[in-house]
Visitor: 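Starting off with a structure, shown below.
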Amino acid sequence: MSGSDPKGRVSPAKGLDVPALRRDLLDWFDRSGRDLPWRRRRTPYRTWISEIMLQQTTVAAVQPYFQAFLERFPDPAALAAASEDEVLALWSGLGYYRRARLLHQAAGVVVRERGGALPDSAEEWASLPGIGDYAAGAIASMALGERVPAVDANARRVLLRWVCAGPLEADGISPRELRALAEELVDEGRPGDWNEAIMDLGATVCAARIPRCRECPVLGHCRAGLGGRAEQVPAAMPRPGTVRIMLAALVIRAGDAVLLVPSGAPRVGLAPRGAEVFRSDFSSLNRGCWGPPTTDWFREDETVAWDPAQVWGPYLASLGLPSLTAGSFLAAGTVTHTITRHRLGIRVFALDLPTGGGGDPEFIKKDLTGAIFPVYPEGRGQRAIGQGDPVTPPLSRMATKILACGIKAGG
DNA sequence: AACTCGTGGCG
DNA sequence: TCGCCAAGAGT
């Protein structure tokens with residue numbers, strides 16, 4: 001099954017006409033490659049930021065974040081000098097917040113241990129936090145011209161389709177063999193363009209579902225495509241099923257301020273009767289981001305009643321707030337949100353505290369070691385909730401949804 | 001080595 | 001509505 005090069009060594013190229021394949025794909029890339037912000041001006045730093053943001057994230061979602069991030073942090077020194085909170089605030093809504101924390105850590109390493117100079121080889125890049133084999137290869141090839149592959153899910157799918165007629169064959173190819181194939185194929189003169197071309201092909205033509213083989217510039221080189229079995233390669237990996245979860249969140253407002261607590265803070269609020277705790281440790285979820293206080297996550301059936309006074313009463317009493325009746329709470333509605341495989345139903349309650357008395361924001365801040373931030377009602381000045389305000393802690397999208405629900409219901 | 005970590009879009 | 005997918009890395 002393996003081809004051989006002119007010196008007779010076994011080659012992993014599996015009979016591909018490598019020169020013709022390179023020419024056909026790069027010609028297509030020159031004609032049809034995507035025009036993306038990080039390609040307009042190629043620098044190692046810009047490539048680094050874009051590659052981290054693009055992990056498991058669509059191009060459309062990344063674009064506005066990329067622009068704002070580079071404006072605020074134009075170089076590694078600026079990024080390293082910022083607080084983690086500020087980095088996370090610019091990441092808010094993008095998801096996978098660990099990426100932002102590792103990026104910030106890596107900038108610190110670059111400044112402290114390398115005098116601010118970014119690595120100049122894939123091997124050195126791979127030693128930085130948050131940089132794996134893929135990102136190291138992508139940055140080194142695209143921004144430094146090093147002849148290394150960048151094997152992400154796109155490249156893996158494209159290469160397997162080229163050399164395998166069906167899913168069983170693809171299943172027989174080890175990660176080592178795939179890596180060897182990828183290394184052999186990288187164009188000597190244009191390694192970065194080659195890697196980008198494979199990813200563009202995978203994103204726009206050689207898609208995971210419903211590949212558009214009739215539009216493919218390299219169909220003639222593709223065993224799976226020529227056999228009409230591209231969609232079956234590689235075989236889908238089994239995934240854990242989704243889990244339905246319920247929780248409640250409390251939006252405590254005092255004037256134009258809202259109470260926020262760190263995402264890893266202990267949950268507050270009692271379990272509704274009949275609900276089974278699914279998860280109570282959130283130390284690794286949305287780490288570094290803030291949001292309104294919430295309960296644990298519960299499994300429940302439809303009959304469970306969430307009485308806000310019962311759920312939140314003891315918590316509020318522990319803060320020394322005056323006793324509150326059920327009428328003090330506003331049932332703001334239910335928000336749905338998905339976090340990886342968890343489908344959340346969030347019952348949002350709002351509670352207005354009188355300002356100027358025992359329940360003013362400073363009082364809350366002191367007793368909860370939480371933070372407060374101003375609320376901007378929807379439509380006023382076109383500002384999202386808390387976004388862009390220097391006192392605003394980083395928020396996850398989940399927190400933003402909860403706040404929007406509570407604020408909207410409150411008028 | 002399986003599991004975790006966010007979010008939005010699409011068929 | 002729902003499952004699948006997207007420029008992965010760390011543990």
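Only a predicted model underlies this, so the values are computations on that prediction, with no experimental measurement involved. Quick note: numbers below take in every heavy atom, side chains included, and nothing from hydrogens, waters or symmetry partners. Each chain gets a letter, A, B and so on, in the order the sequences are listed, and its residues count up from 1.
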Visitor: Using the ring-ring contact (aromatic ring centres under 6.0 Å, His included) rule, collect all pairs that involve residues 190-242 of chain A, keeping only residues at least two apart or in two chains.
Guide: none
Visitor: Could you give the CG-to-P distance, from A:Leu103 to C:dG8, as a whole number of Å?
Guide: 16 Å
Visitor: Classify the nucleic acid contact of A:Pro129 as base, sugar-phosphate or nothing, counting any heavy atom under 4.0 Å across all strands shown.
Guide: sugar-phosphate
Visitor: Ring centroids only, cut at 6.0 angstrom: are A:Trp306 and A:Phe329 within range, meaning strictly under it?
Guide: no
Visitor: Would you measure the distance from the P atom in C:dA6 across to the matching atom in B:dA1 and give it in whole Å?
Guide: 24 Å
Visitor: Can you tell me how far OH of A:Tyr65 sits from CG of A:Leu94, rounded to the nearest 0.5 angstrom?
Guide: 5.5 Å
Visitor: Name the nucleic acid region contacted by A:Ala150, choosing base, sugar-phosphate or nothing; use a 4.0 angstrom heavy-atom cut-off, strictly under.
Guide: nothing
Visitor: Please output the side-chain donor-acceptor pairs of residues 112-120 of chain A that fall under 3.5 Å, not counting sequence neighbours, one pair per line with the distance.
Guide:
unit_1, atom_1, unit_2, atom_2, d
A:Arg112, NH1, A:Gly108, O, 3.4
A:Arg114, NE, A:Ala117, O, 2.9
A:Arg114, NH1, A:Glu124, OE2, 3.3

Visitor: Could you tabulate the donor-acceptor pairs under 3.5 Å formed by side-chain atoms of residues 50-59 of chain A, not counting sequence neighbours?
Guide:
unit_1, atom_1, unit_2, atom_2, d
A:Ser50, OG, A:Arg46, O, 3.3
A:Ser50, OG, A:Thr47, O, 2.9
A:Glu51, OE1, A:Tyr134, OH, 2.6
A:Thr57, OG1, A:Met53, O, 3.4
A:Thr57, OG1, A:Gln55, O, 2.8
A:Thr57, OG1, A:Arg99, NH1, 3.0
A:Thr58, OG1, A:Ala61, N, 3.4

Visitor: Under 4.0 Å from any atom of DNA chain B, heavy atoms only: list the residues of residues 30-49 of chain A that qualify, in numerical order.
Guide: none
Visitor: Assign each of A:Gly202 and A:Leu128 to its nearest nucleotide of DNA chain C by heavy atoms, then name whichever residue's nucleotide is nearer the 5' end.
Guide: A:Gly202
Visitor: Looking at every strand, decide which applies to A:Arg101 at a 4.0 Å heavy-atom threshold: base, sugar-phosphate, or nothing.
Guide: nothing
Visitor: Have a look at A:Ala135 and say if it touches a base, only the backbone sugar-phosphate, or nothing, with a 4.0 Å heavy-atom cut-off.
Guide: sugar-phosphate
Visitor: Rounded to the Å, how far apart are A:Tyr134 OH and C:dG10 P?
Guide: 14 Å
Visitor: According to the ring-ring contact (aromatic ring centres under 6.0 Å, His included) rule, which pairs have a member within residues 241-279 of chain A, sequence neighbours left out?
Guide: A:Phe278-A:His342
Visitor: Taking atom C1' of B:dC3 as reference, at what distance in whole Å does atom CZ of A:Arg239 sit?
Guide: 13 Å
Visitor: Once you round it to whole Å, what is the distance between P of C:dG10 and CZ of A:Arg99?
Guide: 13 Å
Visitor: Does a side chain donor of either A:Ser83 or A:Asp85 reach within less than 3.5 Å of an acceptor in the other side chain?
Guide: no
Visitor: Consider the side chain of A:Arg343, meaning its heavy atoms from C-beta on, and name the nucleotide among C:dC2, B:dC5, C:dG8 that approaches it most closely.
Guide: C:dC2
Visitor: Can you say whether a donor on the side chain of A:Arg98 sits under 3.5 Å from an acceptor on the base of C:dA9, or the other way round?
Guide: yes
Visitor: Rounded to whole Å, please give me the gap between CZ in A:Arg244 and P in C:dG3.
Guide: 7 Å
Visitor: Sticking with atom P, work out how far B:dG6 lies from C:dT11, rounded to a whole angstrom.
Guide: 14 Å
Visitor: Which is true for A:Ile131 with a 4.0 Å heavy-atom rule: it touches a base, it touches only sugar-phosphate, or it touches nothing?
Guide: sugar-phosphate
Visitor: Whole-Å distance between C:dA9 C1' and A:Asp133 CG?
Guide: 10 Å
Visitor: Can you give me the N/O atom pairs linking the protein to nucleotides 7-11 of chain B at distances under 3.5 Å, or say none if there are none?
Guide:
unit_1, atom_1, unit_2, atom_2, d
B:dT7, OP1, A:Tyr97, OH, 2.9
B:dT7, OP1, A:Arg397, N, 2.6
B:dT7, OP2, A:His337, NE2, 2.4
B:dG8, OP1, A:Arg397, NE, 2.5
B:dG8, OP1, A:Arg397, NH2, 3.3

Visitor: Counting N and O atoms only, with roles assigned by atom type, does the side chain of A:Trp91 sit under 3.5 Å from a partner on the main chain of A:Gly95, one being a donor and the other an acceptor?
Guide: yes
Visitor: Walk me through it: do A:Arg229 and A:Glu169 pass the test salt bridge (Lys or Arg N to Asp or Glu O under 4.0 Å)?
Guide: CA-CA 12 Å; A:Arg229 306 180 68 185; A:Glu169 246 176 84; over 6 Å; no
Visitor: Among A:Ile407, A:Leu403, A:Ile402, which one satisfies side-chain contact (heavy atoms from CB on, under 4.5 Å) with A:Val348?
Guide: A:Ile402
Visitor: Please give, in whole Å, the distance from B:dT4 P to A:Trp297 CH2?
Guide: 11 Å
Visitor: Rounded to the nearest Å, what distance is computed from the CZ atom of residue A:Arg157 to the P atom of nucleotide C:dG8?
Guide: 10 Å
